[in-house]
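Quick note: numbers below take in every heavy atom, side chains included, and nothing from hydrogens, waters or symmetry partners.
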Amino acid sequence: MSPSDVRRSSAGGGGVQSLERAFALLELMADAGGVTGLSELAARSGLPLPTIHRLMRTLVACGYVRQQANRRYALGPRLIRLGEAAARPLATWARPYLARLVAETGETANMALLDGDDAVYVAQVPSRHSMRMFTEVGRRVLPHSTGVGKALLSGLADEEVRALLRRTGMPAATERTITTPDAFLRALDEVRERGYAVDDNEQEIGVRCIAVALPEAPTAAAISVSGPAGRLTDEAVEKLAPLLREVAAELGAALATAPEGEE
């Protein structure tokens, strides 16, 4: 969010200016990785420092922001409850689309959102196979080692991706994990070119995943199909990709056009 975006939202017709500014600050904090200082917020928002200080005091009192010992501000725990509550109806909306993927592929289908610097799984329909992949809903993972993470980050500019990777680091979950920003950006170029992302034993040995971002969705989201590497071969991935892109387009359009209150 740019300073002009904050000022424009603050001048919007009919809105409550202080409320709009408070939410704008929360979004700037999320963009910065969840922790920032007043001077950084002032520089990025274009708002006067006294205004920011007053709004932050209110957010701290409400539990949506907490002040650390070093005087910097971090997103607070009450936002977790709001995020979880917001994800539940979204998961309900997505479940029929995921069920279609399971019916047509036989593998576990997931939906994930980009939440701060993490990919968080918000919905799942499990495979009917006895040998299947299971990622619990609510699990948070670093984007660089997952298919959904690659799909989610493929919609960001390279400089935004580099900034996120600097904040999270790139720890190796397996020997196949991509651990350098340049290599990861090359992988994202491939995702953009072919229209889908692949996790090839990068999060867990023996597991592969194919993921597609949801176009038109109101928030950064992706769906995926995951299963044993022996079943999700390169040939299987090539066959599954068009189906995932089709379902992603349908779900993204449905979320974008959902009546208010039904997402």
Side-chain angles (χ1 to χ4, degrees), residues 1-10 12 15-93 111-123 135-144 146 148-149 152-153 155-156 160-161 163-169 171 217-222 255 260-261 263:
M1 180 176 289
S2 68
S4 59
D5 292 330
V6 177
R7 287 192 294 268
R8 187 159 50 245
S9 70
S10 299
V16 179
Q17 187 182 72
S18 58
L19 187 60
E20 291 173 346
R21 287 177 167 178
F23 278 113
L25 293 177
L26 290 173
E27 290 187 16
L28 287 174
M29 291 182 69
D31 291 342
V35 180
T36 186
L38 289 181
S39 59
E40 296 165 60
L41 287 173
R44 298 182 66 192
S45 69
L47 296 175
L49 196 58
T51 298
I52 295 173
H53 190 254
R54 184 174 64 253
L55 291 170
M56 295 301 282
R57 281 206 316 268
T58 301
L59 291 169
V60 168
C62 292
Y64 297 118
V65 170
R66 56 188 174 84
Q67 190 170 26
Q68 299 179 321
N70 61 3
R71 313 282 307 167
R72 290 170 66 80
Y73 290 89
L75 294 176
R78 290 197 69 182
L79 290 172
I80 298 173
R81 177 173 173 269
L82 293 181
E84 290 175 345
R88 280 194 291 270
L90 184 63
T92 300
W93 190 282
M111 180 178 180
L113 304 179
L114 186 62
D115 182 26
D117 290 342
D118 296 333
V120 56
Y121 291 94
V122 297
T135 297
E136 62 273 18
V137 172
R139 182 186 179 195
R140 306 177 76 88
V141 294
L142 295 179
H144 74 281
T146 61
V148 289
L152 291 166
L153 296 190
L156 301 181
E160 293 179 276
V161 175
L164 182 149
L165 296 176
R166 282 195 297 270
R167 293 191 297 266
T168 64
T219 188
L255 293 174
E260 187 175 348
E263 288 88 342

Close side-chain approach of [X] to [Y], heavy-atom, < 4.5 Å:
X    : Y    : answer
L26  : V65  : yes
R44  : T36  : no
Y121 : V141 : yes
M56  : Q67  : no

message: Looking at D118 and V120, would you say the former's side chain and the latter's main chain have a donor-acceptor pair under 3.5 Å?
response: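 Side chain of D118 to backbone of V120, a donor-acceptor pair under 3.5 Å: no, none is there.
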
Heavy-atom donor-acceptor pair, R66 side chain to P77 backbone, under 3.5 Å: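 No.
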
Can you give me the closest heavy-atom contact between [X] and [Y], atom names plus distance?
X    : Y    : answer
A221 : M111 : CB-CE, 3.9 Å
S45  : I52  : OG-CD1, 3.5 Å
L164 : G116 : CD1-O, 4.5 Å
L59  : A22  : CD1-O, 4.2 Å
L152 : A112 : CD2-O, 4.1 Å
P143 : L153 : CB-CD1, 3.6 Å

message: How long is the straight-line distance from NE2 of H53 back to CG of L49, given to the nearest 0.5 Å?
response: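 One gets 8.0 Å once the value is rounded to the nearest 0.5 Å.
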
- prompt: What is the distance from atom CG of L142 to atom CG of D117, rounded to the nearest 0.5 Å?
  reply: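 Rounded to the nearest 0.5 Å, the CG-CG separation comes to 8.5 Å.
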
